[in-house]
Amino acid sequence: MKMAANLKLLSFLIPCAFLVPVLITMAPDLKEAWNSEALQNMKTVFIGIFLEAAPFLLMGVLLSSLMQWFVSEEMVRKLTPKNPIGGVLVAGLLGIIFPICECGMIPVVRRLMHKGMPAYIAVTFILSGPVVNPIVFTATLLAFPSHPEITIARMGLAFAVAASIGMLVYVFVRRNPLRMPKVAVTVKTHPGFKMAQPHAHANAHDHNHVKNWRSFFIHAGDEFVDMSKYLVIGALITACIQTFISRSDLISLGNGPVASYVFMMGFAYVLSLCSTSDAFVASAFSHTFALGPLVSFLVLGPMLDFKSTLMLLSTFRTRFVIGLSLAIITLVFAGSSLINLLV
């Protein structure tokens with residue numbers, strides 16, 4: 001298996017060898033371009049986004065490893081509310097106890113789903129946890145000290161959207177949305193004989209794994225490498241967009257009642273800021289946009305941005321992620337528009 005993986009990697013590296021002479025020939029031009037002011041800004045933005053998100057991702061994978069070590073499937077089943085409404089309400093408030101950024105939320109929830117947490121509770125926790133927690137509440141209050149209604153609207157809308165989508169998942173999603181579910185499923189082919197599905201082997205491996213500090217850090221390292229590559233790609237593309245597209249050009253696109261929502265929600269998706277710091281960016285637009293677009297920016301960003309989309313795609317099935325994204329965008333737009341009319 002390892003040899004096959006190495007040969008597959010080698011097939012991608014061989015074509016890169018042909019680029020070496022070209023790069024050597026273009027070396028002076030590449031050096032000049034690499035030292036240009038735009039690329040320096042892009043590198044600065046990329047490093048800033050990555051360093052901002054990496055600690056929360058690391059926190060998430062460490063917590064995920066602790067759950068793999070200490071939390072059993074039976075414990076998850078006992079703690080999961082039987083009533084779906086109660087489960088959604090509890091999941092929507094779990095962020096108060098586990099204030100994890102969206103970068104660290106996905107590996108934690110993936111581990112909980114492998115332990116037996118229902119999909120509708122997991123999705124509610126993913127969407128509400130990065131917003132409905134004391135750290136984000138305090139940061140939003142500090143960013144808008146004279147407008148506490150923005151903080152209240154952000155917390156309320158985030159909880160309402162997360163709970164609504166959790167119930168939609170409970171009603172309409174009938175199969176495990178994980179891309180590689182580790183819950184063993186057996187198929188009876190003959191009396192007294194059970195054939196496990198291919199993914200059951202991974203689950204058996206987890207059960208038989210020796211629980212010591214070495215296995216803990218190996219698991220955490222594997223999780224961090226698995227999720228961080230999507231963070232790197234998302235941060236790099238986000239840095240390119242922020243560097244080569246001026247903010248004034250983007251703001252000019254949002255000069256309409258609907259366009260302002262589209263701009264702020266798209267801006268939140270592209271910026272891919274951490275939920276603990278996005279409020280300070282939104283405060284820069286407080287004199288340009290009304291309450292509704294500001295709230296849409298503050299709610300959509302932690303629930304759905306570019307880097308988290310890549311992480312979701314690595315964890316859940318593509319069709320599920322597309323439906324989830326459309327539901328988030330629709331409910332955030334409708335909820336923020338309603339808030340703008342009422343407040």
Side-chain angles (χ1 to χ4, degrees), residues 80-102 105-106 108-110 112-113 117-133 136-137 140 149-178 258 261-262 264-266 268-269 275 278 282 291-305 308-309 311-313 315-343:
T80 300
K82 304 300 180 184
N83 188 309
I85 297 178
V88 166
L89 294 178
V90 170
L93 298 175
L94 275 180
I96 298 175
I97 305 175
F98 301 105
I100 307 174
C101 181
E102 63 271 17
M105 186 70 67
I106 295 174
V108 171
V109 169
R110 180 171 64 177
L112 287 173
M113 291 186 70
M117 174 178 280
Y120 68 94
I121 294 181
V123 169
T124 305
F125 185 32
I126 285 179
L127 299 181
S128 67
V131 184
V132 186
N133 69 66
V136 175
F137 180 84
T140 310
E149 68 276 6
I150 295 180
T151 304
I152 297 173
R154 182 185 195 184
M155 298 295 130
L157 180 59
F159 180 83
V161 170
S164 300
I165 293 179
M167 292 306 300
L168 289 175
V169 172
Y170 174 78
V171 173
F172 294 107
V173 178
R174 295 302 181 186
R175 59 181 297 192
N176 193 337
L178 285 175
V258 176
Y261 289 91
V262 175
M264 291 302 286
M265 293 169 67
Y269 183 87
S275 58
D278 58 357
L291 174 64
L294 290 176
V295 173
S296 68
F297 175 92
L298 293 171
V299 174
L300 182 81
M303 292 185 175
L304 186 70
D305 59 29
S308 67
T309 301
M311 293 182 182
L312 287 171
L313 287 171
T315 303
F316 297 102
R317 302 178 191 274
T318 302
R319 184 177 179 181
F320 178 80
V321 175
I322 293 174
L324 180 65
S325 302
L326 292 176
I328 293 172
I329 294 171
T330 302
L331 290 177
V332 169
F333 175 76
S336 57
S337 300
L338 182 61
I339 289 174
N340 196 63
L341 291 175
L342 296 178
V343 178

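When reading the values below, keep in mind they use all heavy atoms of this one structure, side chains included, and skip hydrogens, waters and symmetry mates. In this text, all values refer to a predicted model and were calculated from it rather than measured experimentally.
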(request) Work out which heavy atom in Pro130 is nearest to a heavy atom in Ile126; give both atom names and the distance. (result) CD-O, 3.0 Å

Which pairs would a plain distance check flag for residues 323-333, meaning a side-chain donor or acceptor within less than 3.5 Å of a matching protein atom at least two apart in sequence or in another chain?
from, atom 1, to, atom 2, distance (Å)
Ser325, OG, Val321, O, 2.8
Thr330, OG1, Leu326, O, 2.8

(message) Test of understanding: with side-chain contact (heavy atoms from CB on, under 4.5 Å), list the residues that count as partners of Leu89, not counting sequence neighbours.
(response) Ile85, Phe159

(message) For the CG atom of Leu178 and the CZ atom of Arg110, what is their distance to the nearest 0.5 Å?
(response) 8.5 Å

(request) Tell me, please, which residues at least two apart from Ala153 pass side-chain contact (heavy atoms from CB on, under 4.5 Å). (result) Val295, Ile339

(request) Show your reasoning for whether side chain to side chain contact (heavy atoms under 4.5 Å, CB included) applies to Asn176 and Met113. (result) CA-CA 9 Å; Asn176 193 337; Met113 291 186 70; 4.1 Å; yes

(message) Under the rule for side chain to side chain donor-acceptor pair (under 3.5 Å), what residues qualify as partners of Thr151, not counting sequence neighbours?
(response) none

(request) Return the minimal non-hydrogen interatomic distance between Ala282 and Leu294, and the atom names on each side. (result) O-CD2, 3.6 Å

(request) Name all residues meeting the ring-ring contact (aromatic ring centres under 6.0 Å, His included) criterion together with Tyr120; count only those two or more places apart in sequence or in a different chain, and write none if there are none. (result) Tyr170

(request) Determine, step by step, whether Thr124 and Ile165 satisfy the side chain to side chain contact (heavy atoms under 4.5 Å, CB included) criterion, reporting the C-alpha distance in whole Å, the side-chain angles of both residues, the deciding distance to 0.1 Å, and the verdict. (result) CA-CA 7 Å; Thr124 305; Ile165 293 179; over 6 Å; no

(message) How close do Leu127 and Val131 get, counting heavy atoms only, and between which atoms?
(response) O-CG2, 4.3 Å

(message) Just to verify, what does Phe320 make a ring-ring contact (aromatic ring centres under 6.0 Å, His included) with, not counting sequence neighbours?
(response) Phe316

(message) Could you report the tightest heavy-atom contact between Phe297 and Pro302, atom names first, then the distance?
(response) O-CD, 4.4 Å

(request) Give the minimum heavy-atom separation between Leu291 and Asn340, together with the two atoms involved. (result) N-OD1, 3.5 Å

(message) Tell me every residue that passes side chain to side chain donor-acceptor pair (under 3.5 Å) with Ser336, counting only those two or more places apart in sequence or in another chain.
(response) none

(message) Holding to side chain to side chain donor-acceptor pair (under 3.5 Å), I want the full list of residues that pass it with Asp278, two or more places apart in sequence or in another chain.
(response) Arg154

(request) Can you measure from CG (Leu312) to CG (Asp305) and round to the nearest 0.5 angstrom? (result) 9.0 Å

(message) To check you understand the geometry: which heavy-atom pair defines the closest contact between Pro84 and Met167, and what is its length?
(response) O-SD, 4.1 Å

(message) Is there a side-chain contact between Ile121 and Val88 in this structure, where contact means two heavy atoms from C-beta onward sitting under 4.5 Å apart?
(response) no

(request) Report the distance from atom CE of Met155 to atom CG of Leu298, rounding to the nearest 0.5 Å. (result) 8.5 Å

(message) Do Leu313 and Thr318 make a side-chain contact, defined as non-hydrogen atoms from C-beta onward lying under 4.5 Å apart?
(response) yes

